[in-house]
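To start, the structure itself, in structure tokens.
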Amino acid sequence: MVNGMLAPGQTLVTEEGERVKVAEMFGSGGQGEVYRVHTRKGDRALKWYYPQLADARQRQILDGLIGCSWSDDRFLWPQTVVVDPDGRHPGFGYLMNVRPDRFHDLPALFRREPELAATTQRTLIMAALHTVEAYRALHGKGIAYRDINWGNIFFDPRTGDVLVCDNDNAVFEGEDAGVTGTMDFMAPELVRGDHGGRPGIQTDLHSLAVLLFLLLMNHHPLEGALALRIRCMDEKARKKLYGTDPVFLYDPGDARNRPVPEEQQTVVATWNALPPLLRDLFVQTFTDGLRHPARRVREGQWRDALSEVLDTICLCASCGRQNLTEPEGPAPRCWGCGNRVDLPPRLQLTTGTATSRSRPRSLRLGPQARMYVHHLAVEAERHDFTAVVAEVTEHPRQRGRFGITNRSADRWTARRADGSVHEVDPGRTVALSTGLQLEFGGGAEAVVRD
Amino acid sequence: MSDTFDLPGGSMASRPVHFIWLLDCSGSMGVNGKIAELNFAIREAVPEMQSAARSNPGATLLVRAVSFASGASWHIDEPTPVDQFTWEDLHTYGGTDMGAAFRLAAGALQTPPMPQRALPPVLALVSDGQPTDDWRAGLRAVDDTPWGRRAVRVALAIGDDADKSMLKEFLANPELEPLQAKNPRQLAAAIRWMSTAVKAASTPKADGAGPVQAPPPVALDKGEGEDPIW
């Protein structure tokens, strides 16, 4: 067994005076060790800092975060400070929830380890969307994460759910604190050490874009031909690549760093399978956004684009693979078999009333396509994929006949192209037909297009 | 396309990180079971090393070891993927020919056998005494190779008799100090920490908070029947 700073069986005490008992060590990182501990309310994870890092500043950061008492299931948020009542172990740690087993680390995904083989294009896009929304929620509270990297997001390959860990470096925007991040993920101005450059929400946006690129493309956005010319990837080389001369792989105005297809096949394949809507955002954030922090793609833009791409994933009729498609664009060729993907009919959705009317968005009506609560809202706080309101289903007795089933609690009104009007109660299904109009209530409505 | 994943592309491209242990097997390491403690500590640190390697998909960690005493030899000469790495016990056999160990490492840091592209290698030196050969010439041989010059270096002094100024010269960075272990627990903690130097070689933190510059996690002596003095 690995010897850690704390011994199994040892008793520590929370700020509230509750005793917790140390069990096994989960692991160690750059700042401390993480243990399972038994508490009155069940098992928790304890992060215990290395003594030299358990300083007043870290304590102040922790107190601020705990003071938020934020209970959001996407974050393992610090809950309370823990100390050794006997004083034999100087310093402190904090409690958080234990990470459930269904969440896997991203490095394992990037290495395509077998236990993550359930990952699909859909769950990857969902994970990207959840990641963006999680950081948006954090930034919306005025908190900068400051060290977004592949080590602090965990992911469920089956559902696309994410869990943000290591939140103890997050600080309120403008506060000073030590960590400036992992170099591969850092904004160029921080890598260069520009005067006045400090980690904050605007630099988080760069790190977030790097993380999204890694998640979807399985490659670093700045490591193309220029990186392959570097023999020893040491700190000096990284400074140039990420800081003083960063060039996006697909910078339309600078082809120096294009991927080398013979050696970087993965990114060539993943980029080819990415719809222009997302490509354009990566180009913006890794060209203009590299030089001008204010032009970095914001979480809201990522969220809207990812959400639209998620709604237009189509199965290849020849090989069954999931393909990302451009929401209003032509059918792509399948990344797996090369055949043209057949696009199913689409539902064109609008929400809101009068001045808050949204622009129409499309949802491809493939078998088992679903609508969720967020489809009916003008601006949803988050995407909840358990809140199903509608679903494409096949007629129970007439194979090949499809309809849209009302899974909400509200009655819908359906208008067919022939002018007939029908009420669709919860649990009932209306047959899909060209021109079918649906009113979901609250100003949300849709029309079926070929 | 990966064989098992229904996703475009394959796994993330990675570069190798060559990690070379340089371990003192002089006679003095046999006193008070120090060599046994070192064997134990390295074996115990293997999971830590594997976990540090797993945390970076852009790096492939390959481990080797040189032992030095009267002369030097490869204890593990094949660069071994860390997931397959197992530790065979070291045994003591004489002097402290550290220069010979450096020369062996320098040979391994030429291109070839080093590949055209890699992450900086890691040289992890552990010693409890004064070198008995021309260590400076050996160190120059390391410094004369492009990979040796760029290597991430960590050093550990066991006990009070180790030549700390020499170890500092090996580190080649005035801001760095060798680690010091004066009892088995400190040794275990230091070896564990050195094993994770792969992180500094593959994902440096820009503020220098990577494992090389940070002091090691100090495991406090719990005084459970262990002899605090060697």
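Every chain is numbered from 1, with letters handed out A, B, ... down the list of sequences. This is a predicted model, so every value here is computed, not measured.
- At distances below 3.5 Å, not a single donor-acceptor pair connects side-chain atoms of B:Asp6 with backbone N or O atoms of A:Arg321.
- Atoms CD and CG, from A:Gln322 and B:Leu7 in turn, are 8.5 Å apart once rounded to the nearest 0.5 Å.
- Within the 4.5 Å cutoff, no side-chain heavy atoms of A:Phe110 are placed close to those of B:Ser11.
- Scanning both residues, A:Cys232 and B:Trp147, for their nearest heavy atoms gives CB-CZ3, 3.4 Å.
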Can B:Met12 and A:Leu214 be said to form a side-chain contact (heavy atoms from CB on, under 4.5 Å), step by step?
CA-CA 9 Å; B:Met12 184 172 281; A:Leu214 286 163; 3.5 Å; yes
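- Taking each heavy atom of A:Met233 and B:Pro120 in turn, the nearest pair found is O-CD, 3.2 Å.
- More than 12 heavy atoms of other shown residues, nucleotides or ligands fall within 6.0 angstrom of atom CD in A:Glu115.
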Should B:Arg54 and A:Asp105 be marked as a side-chain contact (heavy atoms from CB on, under 4.5 Å) after you check the CA-CA gap, both sets of side-chain angles, and the distance that decides it?
CA-CA 10 Å; B:Arg54 267 199 299 275; A:Asp105 60 279; 6.0 Å; no
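- Proximity to chain A (any heavy atom under 4.5 Å) is shown, for B:Ala41, by neither the backbone nor the side chain.
- Contact of A:Thr119 with chain B is made through backbone and side chain together, with heavy-atom distances under 4.5 Å.
- Taking the side chain as every heavy atom from C-beta outward, B:Thr4 and A:Arg112 never approach each other to under 4.5 Å.
- A:Trp150 contributes atom CH2, which lies 4.0 Å from atom CG of B:Asn56 (distance to the nearest 0.5 angstrom).
- Interface residue A:Ala117: backbone and side-chain heavy atoms are both found under 4.5 Å from chain B.
- A:Leu116 touches chain B through backbone and side chain together, each having a heavy atom under 4.5 Å away.
- Here the CG atom belonging to A:Leu228 is positioned 12.0 Å from the CD atom belonging to B:Gln116, to the nearest 0.5 angstrom.
- Between the A:Arg238 side chain and the B:Ser202 main chain, a donor and an acceptor come within less than 3.5 Å of each other.
- The side-chain heavy atoms of B:Arg150 and A:Lys236, taken from C-beta on, include no pair separated by under 4.5 Å.
- Using a 4.0 Å cut-off between charged side-chain N and carboxylate O, A:Glu223 and B:Arg117 make no salt bridge.
- The two residues B:Gly9 and A:Ala269 come nearest to each other via the heavy atoms N-CB, 3.7 Å.
- Both the backbone and the side chain of A:Gln121 come within less than 4.5 Å of a heavy atom in chain B.
- A:Lys240 NZ: 12 or fewer foreign heavy atoms inside a 6.0 Å radius.
- Heavy-atom pairs under 4.5 Å with chain A were tallied for B:Pro146, B:Gly58, B:Ser55, B:Pro115; the largest tally goes to B:Ser55.
- Counting heavy-atom pairs closer than 4.5 Å to chain B, the top-ranked of the candidates A:Pro114, A:Ser28, A:Ala273, A:Gly151 is A:Ser28.
- Looking at B:Ala201, the atoms closer than 4.5 Å to chain A (heavy atoms on both sides) all sit in the backbone: N, CA, C or O.
- For A:Leu106, no part lies near chain B; criterion is any non-hydrogen pair under 4.5 Å.
- Within the 4.5 angstrom heavy-atom criterion, only side-chain atoms of B:Arg15, from C-beta onward, approach chain A.
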Would you sort out whether B:Phe5 and A:Leu109 count as a side-chain contact (heavy atoms from CB on, under 4.5 Å), showing the intermediate values?
CA-CA 10 Å; B:Phe5 279 70; A:Leu109 171 68; 4.2 Å; yes
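- Ranked by heavy-atom pairs shorter than 4.5 Å toward chain B, the options A:Ile230, A:Asn218, A:Asp184 are led by A:Asn218.
- Of the atoms belonging to B:Ser14, not a single heavy atom falls under 4.5 Å from chain A.
- Surrounding CZ of A:Arg279 are more than 12 heavy atoms belonging to other residues, nucleotides or ligands, all under 6.0 Å away.
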